[in-house]
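Below is one structure; the comments refer to it alone.
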2 protein chains.
Amino acid sequence: MGVRKPGVRIPVPSLRRLPIYHRRLREAVESGIGFVSSAELGEAAGVSEAQVRKDLSYLVYDGRSGVGYDAKGLASYLENYLGLINDKEAVLVGAGNLGRALALYPGFGRYGLRIIAIFDNDPAKIGQVVGEQEILPVSKLPSLVQRLHIQMGIITVPAVAAQEVADAMVTGGITVIWNFSPCTLHVPDNVWVQNEDLAAQLATLSHQITQQKLSNLTRTAETREDSLTLHPR
Amino acid sequence: MGVRKPGVRIPVPSLRRLPIYHRRLREAVESGIGFVSSAELGEAAGVSEAQVRKDLSYLVYDGRSGVGYDAKGLASYLENYLGLINDKEAVLVGAGNLGRALALYPGFGRYGLRIIAIFDNDPAKIGQVVGEQEILPVSKLPSLVQRLHIQMGIITVPAVAAQEVADAMVTGGITVIWNFSPCTLHVPDNVWVQNEDLAAQLATLSHQITQQKLSNLTRTAETREDSLTLHPR
DNA sequence: TAGATTGTTAATCGATTAACAATC
DNA sequence: TAGATTGTTAATCGATTAACAATC
């Protein structure tokens, strides 16, 4: 339809919604549905239809007025735009429960993630096999990363060890780090860190539970009927 | 110092930074440091010192001009505010690799999370023990949740099964759901869902890697020296 | 055509930043 | 006191929402 201004970059909140839209579109394709409206995409992502159209306006892919978005076409476009069709080679450091779970997570492979090596410093773990990978000592990380031009590192070690792991990754040339350790990493400007701090997330859930309890107490004291409406037995 | 307006609720972005500040304060306490400045807290969270002071202005806890924030005092305040000191009982459904890893994650217990039951529908898993919990069939979930007044549910099942698990949780009276399945859940208004969609997060990392590659190609074509600066060998 | 839904614009909303008087 | 750092205000920035002409 209209003309896209070339200088405008997609906002991060919009970017984060694209995978949700993509999933909804794939579901439509699998159900044999040809077109999906912005309202339907918004429903999947929990945002308004206006928001969806705004998000998609940052892409160079148009919907069809009066019809919606071509499910197959936009899904493919998003796979390209998000790089899901490219193979992304990664190393994972920290072969604890979480690290093993991520290494074996089936959803990642479908998005092009290839974990090509797993590292740990626990002598008891080195040599063990997770999936198709043998666990290697962290000392071998920088050279391997450098030699194979690995772009991505996943950190699932305890917080105290995370910074030195990040340093080793940066030394090897890694520029994207997915950090599951509950800590702040210090890296050069050209390295992109995404934190997946589950303990911090839990803290916000914890706050939510605490608030709910408080408001329930208040409500019970004020009007017993409202309280019963919210907590049907 | 000043007067807090009572009607102002803390914005979600601010709320999500509080656990990071809390962690930084705990580190200070462990190092025997009495006060931490907004600049130091901001450094830990990757935000400006002005942002930190703004975030903390939503709390009813004051720093000391010219000195900073009392590490022990503010840490305790945040533990209360975030509800970290309260025990929060939860059930977890989906005893796959990720579910087991979360059930055994040591960081959660320190924040007051008690996973008091684990469910799965795979007959091969039912009866197995994870940590201190025996895996139970999902059919037993609603009554157990109701009887013990559990507030929180953690979902780590495949996407196709997630909605029915959420329904069972809601039936039992759960009002906070932590959803690790890559799907959108439909729940009543009084239920609070936090999505931890790792596949969607991976998609944004994937986009980042793709963009870096593109800009490196461009930069290499334009000025070879810049490219070398960004990729020291 | 009539109905539906798009892409875009302008208005609104909310979060971040900058600046500084207050104060420890 | 002098120096440092706070809490708050106002200015800025950016994202979301509402409205509607364009159009399939």
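In what follows, every chain begins at residue 1, and chains take the letters A, B, ... in the order their sequences are listed. Everything numeric here is computed off the predicted structure, so don't read it as measured data.
Looking at B:Ser206, its side chain never comes within 3.5 Å of a backbone N or O of B:Leu202 through a donor-acceptor pair.
Taking the nucleotide of DNA chain D with the nearest heavy atom to each of B:Gly63 and A:Pro11, the more 5' of the two is matched to B:Gly63. Nearest-nucleotide positions on DNA chain D place A:Val12 closer to the 5' end than the other of A:Val12 and A:Ala50. Ranked by how close their nearest DNA chain C nucleotide is to the 5' end, A:Gly66 and A:Lys54 are led by A:Gly66.
Between the C1' atom of D:dA15 and the CZ atom of A:Arg9 lies a distance of 17 Å, rounded to the nearest Å. Between the CG atom of A:Leu59 and the P atom of C:dT8 there is a distance of 11 Å, given to the nearest Å. Counting to the nearest Å, the P atom of C:dT8 and the CG atom of A:Asp55 are 13 Å from each other. Taking atom CG of residue B:Asp70 and atom P of nucleotide D:dG7, one finds them 12 Å apart after rounding to whole Å. Distance B:Ile10 CD1 to D:dG7 C1': 15 Å, rounded to the nearest Å. Between A:Asp62 atom CG and C:dT5 atom P the separation is 17 Å, expressed in whole Å. Across the protein-nucleic acid pair, A:Leu74 atom CG and C:dT6 atom C1' stand 13 Å apart, rounded to whole Å. Atom CD of B:Glu40 and atom P of D:dA4 are 14 Å apart (whole Å).
Side-chain nitrogen and oxygen atoms of A:Arg53 include at least one within less than 4.0 Å of the OP1 or OP2 phosphate oxygen of C:dT6. Contact annotation: B:Ser38 side-chain N/O to D:dT5 OP1/OP2 distance is not under 4.0 Å. A sub-4.0 Å separation between OP1 or OP2 of D:dG7 and a side-chain N or O of B:Tyr69 is present.
Of the nucleotides present, C:dA4 is the one that pairs with D:dT23 by Watson-Crick or G-U wobble criteria, both distances under 3.5 Å. When both distances must be under 3.5 Å, the Watson-Crick or G-U wobble mate of D:dT17 is C:dA10.
Residue B:Pro13 places its side chain closer to C:dT16 than to any other of C:dT8, D:dT16, C:dT16. When the nucleotides C:dT6, D:dT8, C:dT17 are ranked by their closest atom to the side chain of B:Ser57, D:dT8 comes out on top. The side chain of A:Ser65 lies closest to C:dT5 when the candidates are C:dT5, D:dT6, D:dT17. Looking at the side chain of B:Ser37, the nearest of the listed nucleotides D:dT6, D:dT17, D:dA22 is D:dT6.
A donor and an acceptor atom, one from each side chain of A:Asp55 and A:Gln51, are located under 3.5 Å apart. For the residue pair A:Asp197 and A:Gln201, no side-chain donor N or O sits within less than 3.5 Å of a side-chain acceptor on the partner.
One finds no salt bridge joining B:Glu27 and B:Arg23 here, because no Lys/Arg side-chain nitrogen approaches an Asp/Glu carboxylate oxygen to under 4.0 Å.
The minimum heavy-atom distance linking A:Tyr61 with A:Leu74 is given by the pair OH-N, 3.2 Å.
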